Asks: 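My questions all concern the structure below.
Residues: numbered from 1 along the sequence shown. Since the structure is predicted, the reported quantities are computational estimates derived from the model, not experimental observations.
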Amino acid sequence: SNESKEISKMSLQLTEIVEILNKTFGFFLLSCFAFSLLETVVSSYELFGILVSSNYNTQRLGFCVFFNTWNVFIICFLFVVIFCCKIVTDETQKLQENCHKILQSENDEKVSKRLRIFIQQLKHSKPMFTCGLYEYDWKLIFKFYNAMFSYLIILIQFDKAMMIRK
């Protein structure tokens, strides 16, 4: 029973730590996503313009390669952050599932009651990494790339329309 109380306490502490991390770094990560999206769209569009234009400028190409390389590092950092966030939320889900399995085979009423309370606690206080607008998970990465490619396609279409008018 002491072990279950300690696990319950640790679960609450984990949730509190996640809330502190959200308050401390949530906006920072959101701004990293936003600037990375903007920088990727602009430098990729510029790179596309350089590659399809007849006047090849090595200085512009160098800047585009530099910014795209820098963006790869930022995106890798964001992938690592989301991967770590996902590990915590997945392990919490596994813990909840394992508690349900144990509850199915438990005969002692005190232990069963304590497990039910702990399962309810896990349901209501899941550690969720968020900035307030988005949860940091793989869906956010897909939204990021969806937005990036959508903006790139729109810019390329506008560029082609402008070339046709000239």
Asks: Roughly how far, to the nearest 0.5 Å, is OG of Ser150 from CD1 of Ile154?
Replies: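 Taking CD1 in Ile154 and OG in Ser150, the distance rounds to 6.0 Å.
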Asks: Check which hydrophobic residues are tied to Leu12 through side-chain heavy-atom contacts below 4.5 Å, counting indirect links as well, and list them.
Replies: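 Result for Leu12 is none, singleton.
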Asks: When hydrophobic residues are tied together by side-chain contacts of less than 4.5 Å, even through go-betweens, does Ile153 share a cluster with Phe142?
Replies: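 The answer is no; the residues belong to distinct hydrophobic clusters.
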Asks: Go through the steps to decide whether Thr40 and Ile74 satisfy the test side-chain contact (heavy atoms from CB on, under 4.5 Å), and finish with yes or no.
Replies: CA-CA 10 Å; Thr40 302; Ile74 292 172; over 6 Å; no
Asks: Could you check whether any side-chain N or O of Thr15 sits under 3.5 Å from a backbone N or O of Ser125, counting only pairs where one atom can act as donor and the other as acceptor?
Replies: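 Yes, because the side chain of Thr15 sits within donor-acceptor range (under 3.5 Å) of the backbone of Ser125.
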Asks: If you look only at distance, which donor and acceptor atoms sit under 3.5 Å apart when one is on a side chain in residues 59-67 and the other is two or more places apart or in another chain?
Replies:
from: Arg60; atom 1: NE; to: Glu46; atom 2: OE2; distance (Å): 2.5
from: Arg60; atom 1: NH2; to: Glu46; atom 2: OE2; distance (Å): 2.5

Asks: Hey, what's the ring geometry for Phe144 with Phe33, parallel, tilted or perpendicular (30° and 60° as the breaks)?
Replies: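 Ring orientation, 0 to 90° scale: perpendicular.
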Asks: Count I, L, V, M, F, W, Y as connected when their side-chain heavy atoms are under 4.5 Å apart, and connections chain through other members. Are Val72 and Phe83 then in the same cluster?
Replies: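 Different clusters.
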Asks: Kindly write out the residues that satisfy side chain to side chain donor-acceptor pair (under 3.5 Å) with Ser31, not counting sequence neighbours, or none if the list is empty.
Replies: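 Scan of Ser31 (side chain to side chain donor-acceptor pair (under 3.5 Å), adjacent residues dropped) gives none.
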Asks: Transitive ILVMFWY cluster of Leu122 at side-chain heavy atoms under 4.5 Å: who else is in it?
Replies: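 Taking Ile, Leu, Val, Met, Phe, Trp and Tyr as members, Leu122 shares its hydrophobic cluster with Ile7, Leu95, Phe118.
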Asks: Between Tyr136 and Leu30, does a side-chain contact (heavy atoms from CB on, under 4.5 Å) hold up when you go through it step by step?
Replies: CA-CA 9 Å; Tyr136 292 119; Leu30 180 64; 3.9 Å; yes
Asks: Would you find a donor on one side and an acceptor on the other, under 3.5 Å apart, between the side chain of Tyr151 and the backbone of Leu37?
Replies: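 A pair under 3.5 Å: no.
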Asks: What's in the same ILVMFWY side-chain cluster as Val42, cut-off under 4.5 Å, chained through other members?
Replies: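 Once heavy-atom contacts under 4.5 Å are chained together, Val42 belongs with Leu38.
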Asks: Please list, chain by chain and in numerical order, all residues satisfying side chain to side chain donor-acceptor pair (under 3.5 Å) with Glu19, sequence neighbours excluded.
Replies: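 For Glu19 there are no side chain to side chain donor-acceptor pair (under 3.5 Å) partners, ignoring immediate neighbours.
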Asks: Scan for salt bridge (charged side-chain N to carboxylate O under 4.0 Å, His left out) pairs involving residues 25-37, sequence neighbours excluded, and state none if there are none.
Replies: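 Not a single pair qualifies under salt bridge (charged side-chain N to carboxylate O under 4.0 Å, His left out).
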Asks: For residues 122-151, which residue pairs pass the salt bridge (charged side-chain N to carboxylate O under 4.0 Å, His left out) check, not counting sequence neighbours?
Replies: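 Listed once each, the pairs would be none.
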Asks: If you group Ile, Leu, Val, Met, Phe, Trp and Tyr by side-chain heavy-atom gaps below 4.5 Å, do Leu78 and Ile87 land in one group?
Replies: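 Same cluster.
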Asks: When you look at Ser8 and Arg114, which way does the side-chain contact (heavy atoms from CB on, under 4.5 Å) test go after all the steps?
Replies: CA-CA 10 Å; Ser8 179; Arg114 187 70 193 144; 3.4 Å; yes
Asks: Side-chain heavy atoms nearer than 4.5 Å, only ILVMFWY residues, links allowed to pass through others: does that put Ile141 and Phe149 together?
Replies: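 Yes, one cluster joins them.
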Asks: At what distance, to the nearest 0.5 angstrom, does CG of Leu140 lie from SG of Cys85?
Replies: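 SG of Cys85 is found 10.0 Å from CG of Leu140.
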Asks: Please report the interatomic distance CH2(Trp70) to OG(Ser36), rounded to the nearest 0.5 Å.
Replies: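 That separation rounds to 11.0 Å.
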Asks: If I compare all heavy atoms of Asn71 with all of Ser43, which pair ends up nearest, and what's the gap?
Replies: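 Of all heavy-atom pairs spanning Asn71 and Ser43, the closest is ND2-OG, 4.4 Å.
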Asks: Below 3.5 Å, can you tabulate the donor-acceptor pairs from side chains in residues 20-29 to any protein atom, sequence neighbours excluded?
Replies:
from: Asn22; atom 1: OD1; to: Thr130; atom 2: N; distance (Å): 2.9
from: Asn22; atom 1: ND2; to: Val18; atom 2: O; distance (Å): 3.4
from: Asn22; atom 1: ND2; to: Met128; atom 2: O; distance (Å): 2.8
from: Thr24; atom 1: OG1; to: Ile20; atom 2: O; distance (Å): 2.7

Asks: Just to verify, what does Ser44 make a side chain to side chain donor-acceptor pair (under 3.5 Å) with, not counting sequence neighbours?
Replies: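 Scan of Ser44 (side chain to side chain donor-acceptor pair (under 3.5 Å), adjacent residues dropped) gives none.
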Asks: About how many Å separate CD of Gln104 and OG of Ser112, when rounded to the nearest 0.5 Å?
Replies: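 If I round to the nearest 0.5 Å, the distance is 9.5 Å.
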Asks: First locate atom CD1 of Ile102, then atom CG of Leu115, and finally report the distance between them rounded to the nearest 0.5 Å.
Replies: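 If we round to the nearest 0.5 Å, Ile102:CD1 and Leu115:CG are 6.0 Å apart.
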Asks: Does Trp138 belong to the same Ile/Leu/Val/Met/Phe/Trp/Tyr cluster as Leu133, with side-chain heavy atoms less than 4.5 Å apart forming each link?
Replies: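 In one cluster: yes.
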Asks: Restricting to pairs with a member in residues 76-98, which pass salt bridge (charged side-chain N to carboxylate O under 4.0 Å, His left out), not counting sequence neighbours?
Replies: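 Listed once each, the pairs are Lys86-Asp90, Glu91-Lys94.
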Asks: When Cys84 is tested against each of Ile82, Val80, Val88 for side-chain contact (heavy atoms from CB on, under 4.5 Å), which residue passes?
Replies: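 One option only clears the test, and that one is Val80.
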Asks: Checking Leu155 now: which residues fulfil side-chain contact (heavy atoms from CB on, under 4.5 Å) with it, not counting sequence neighbours?
Replies: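 Expected list: Val41, Tyr45.
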